[in-house]
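These notes concern the structure reproduced below.
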Amino acid sequence: SAFDKIVLTGPAGVILNRGFQYRAKVKLYRLVRKIAPKFAEKRFGSKEYRSLSPIMKESYKKIVNEDLRLEAKKIKLPAINEYGKVKRKPVNYLPLAFFLPFFAMITVMLIGHYEPFGNDRTMLYSDCYHQYYPFFVAFRKALLSGDSILYSWNVGIGMDYLGLISYYLASPLNLVALLLPESMTLEYFSMLVPIKLGLAGLFMGIFLHKMFDKNDLSIPVFGAFYGLCAWGLAYQWNVMWLDSFALLPLVALGTVYLLRDKKFILYTITLFLSIFANYYIGLFTCIFVLLVFICYELCRFPGFKRFAA
């Protein structure tokens, strides 16, 4: 023979083993057809079958139910049957990369009865309780009342309010508080930590997915490892630092896109947001970009001439 094997794609007459669901549906169809034949013809069967005329339906049944398995046994070559294999839509694991660190922090808050799941305890402590939260409340009131965000007279003989905003309050997530009633300010501020750690896991998942072309459980697992790393948990009370921490994987991805594909949009937007959200951690992000550049060029090192170019 000129062929070593054959591949059967949708072979008519090769009856597959029917599952319980299929057999139950056939029995239900036969029962309904005895009681209401018109209803059965309209509601049962595939869309293709229901669109046929009565004569074509009978032909369709004969073709589908024809059994040629005895004839198929005469084929001596190895055969691969691709009939009935449905390509499933790939599972999107990225949402899980957000929810693993998010729900990990929520679980801690639930067990400890912290806000917003308890009225007598809060996870805000040290400067987060004495400075960051009062700054957050005052910033929300200033935006709602239309007060100046450039200079404030509420401290001593006045102070540069814009400088305070640029370090403590520049996170875009703070603007969501404008949509909430004042009674929910503490609850929302407490939820910023799990939200930002969840975003850190999500953005790391996006980085891994794009860099290594993977789409499996390793994406949310390693995304959660980043979102719940020692640095993130140790400094979670410095809530204004977490935006730049969360954006770091996207900055790294944007840097690779810039160096490899000459695409600058992701790099520009994420680095800007990282510096804008908190210029202090944004400075370390810039140092990180330099390290990514050096490591990337060394891994693709073609010679000293191109590296110095």
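All residue numbers refer to positions in the sequence shown, counting from 1.
The number of heavy-atom neighbours closer than 6.0 Å to CZ of F264, taken from other residues, nucleotides and ligands shown, is 12 or below. More than 12 heavy atoms of other residues, nucleotides or ligands shown are found within 6.0 angstrom of CD1 on I287.
By the rule that hydrophobic residues join a cluster once side-chain heavy atoms approach within less than 4.5 Å of another member, M191 and L179 end up as members of separate clusters. Following chains of ILVMFWY side-chain contacts shorter than 4.5 Å, one can reach L290 starting from L247, so the two form part of one hydrophobic cluster. A single hydrophobic cluster is seen to contain both F293 and I265, as judged by linkage of ILVMFWY side chains at heavy-atom distances under 4.5 Å, directly or through other members. Under a hydrophobic-cluster definition in which Ile, Leu, Val, Met, Phe, Trp and Tyr are linked whenever side-chain heavy atoms come within less than 4.5 Å, directly or via other members, L248 and M211 are assigned to the same cluster. The hydrophobic cluster containing L283 does not contain M240, counting ILVMFWY residues as joined when their side-chain heavy atoms lie under 4.5 angstrom apart, directly or transitively.
Between L100 and A224, the shortest heavy-atom distance links the atoms CB-CB, 3.8 Å. Heavy atoms only, all atoms of each residue included: H209 and I219 are closest at N-CD1, 3.7 Å. Between G198 and P101, the shortest heavy-atom distance links the atoms CA-CG, 3.8 Å.
Considering only residues two or more places apart in sequence or on other chains, F102 meets the ring pair (Phe, Tyr, Trp, His ring centres under 6.0 Å) condition with F98. Not counting sequence neighbours, the partners of V176 by the side-chain contact (heavy atoms from CB on, under 4.5 Å) test are Y188. In this view, F225 and V221, F222 satisfy the side-chain contact (heavy atoms from CB on, under 4.5 Å) rule, not counting sequence neighbours. For F212, the ring pair (Phe, Tyr, Trp, His ring centres under 6.0 Å) test picks out no residue, with sequence neighbours left out. With sequence neighbours left out, L266 forms a side-chain contact (heavy atoms from CB on, under 4.5 Å) with L253, Y257, T270. The side-chain hydrogen bond (donor to acceptor under 3.5 Å, both in side chains) test applied to S145 returns D147, not counting sequence neighbours. Not counting sequence neighbours, Y93 has no partner by the side-chain hydrogen bond (donor to acceptor under 3.5 Å, both in side chains) test. With sequence neighbours excluded, no residue satisfies side-chain hydrogen bond (donor to acceptor under 3.5 Å, both in side chains) with Y280. Under the side-chain contact (heavy atoms from CB on, under 4.5 Å) criterion, I111 pairs with T107, sequence neighbours left out.
Here CG of L197 is found 10.5 Å from CD1 of I106. Values are rounded to the nearest 0.5 Å. For the atom pair CG (L192) and CG (L242), the distance works out to 9.0 Å, reported to the nearest 0.5 Å. Distance check, rounded to the nearest 0.5 Å: NZ of K141 to CZ of F136 gives 12.0 Å. The CG atom of L110 sits 11.0 Å away from atom CE of M105, with the distance rounded to the nearest 0.5 Å. The CG atom of L94 sits 12.0 Å away from atom CZ of F99, with the distance rounded to the nearest 0.5 Å. How far CG of L250 is from NZ of K210: 11.0 Å, rounded to the nearest 0.5 Å.
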Output, in order, the C-alpha distance, side-chain angles, deciding distance and verdict of side chain to side chain contact (heavy atoms under 4.5 Å, CB included) for V239 and L124. CA-CA 10 Å; V239 64; L124 311 184; over 6 Å; no
Run the side chain to side chain contact (heavy atoms under 4.5 Å, CB included) check on D261 and V256 step by step: do they pass? CA-CA 8 Å; D261 306 323; V256 174; over 6 Å; no
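A donor atom on one side chain and an acceptor atom on the other are not found under 3.5 Å apart for T285 and S244.
Pairs passing the salt bridge (charged side-chain N to carboxylate O under 4.0 Å, His left out) check and including a residue from residues 92-112, sequence neighbours excluded, do not occur. Counting only residues at least two apart or in different chains, salt bridge (charged side-chain N to carboxylate O under 4.0 Å, His left out) contacts with residues 186-208 comprise K196-D243. Identified under the side-chain hydrogen bond (donor to acceptor under 3.5 Å, both in side chains) test for residues 217-240, with sequence neighbours left out: Y132-N238, D216-S218.
Considering only heavy atoms from C-beta on, T122 stays 4.5 Å or farther from Y114 through its side chain. Side-chain contact between L178 and L144 is present, with heavy atoms from C-beta onward closer than 4.5 Å. Contact of the S190 side chain with the M123 side chain is not registered, since no non-hydrogen atoms from C-beta on lie closer than 4.5 Å. Contact of the I275 side chain with the I281 side chain is not registered, since no non-hydrogen atoms from C-beta on lie closer than 4.5 Å. No side-chain heavy atom of F284 sits less than 4.5 Å from a side-chain heavy atom of F245. You'll find the side chain of E115 stays beyond 4.5 Å of the side chain of M109, heavy atoms only.
When each of F139, Y168, F189 is tested with Y133 by the rule ring-ring contact (aromatic ring centres under 6.0 Å, His included), just one qualifies, namely F189.
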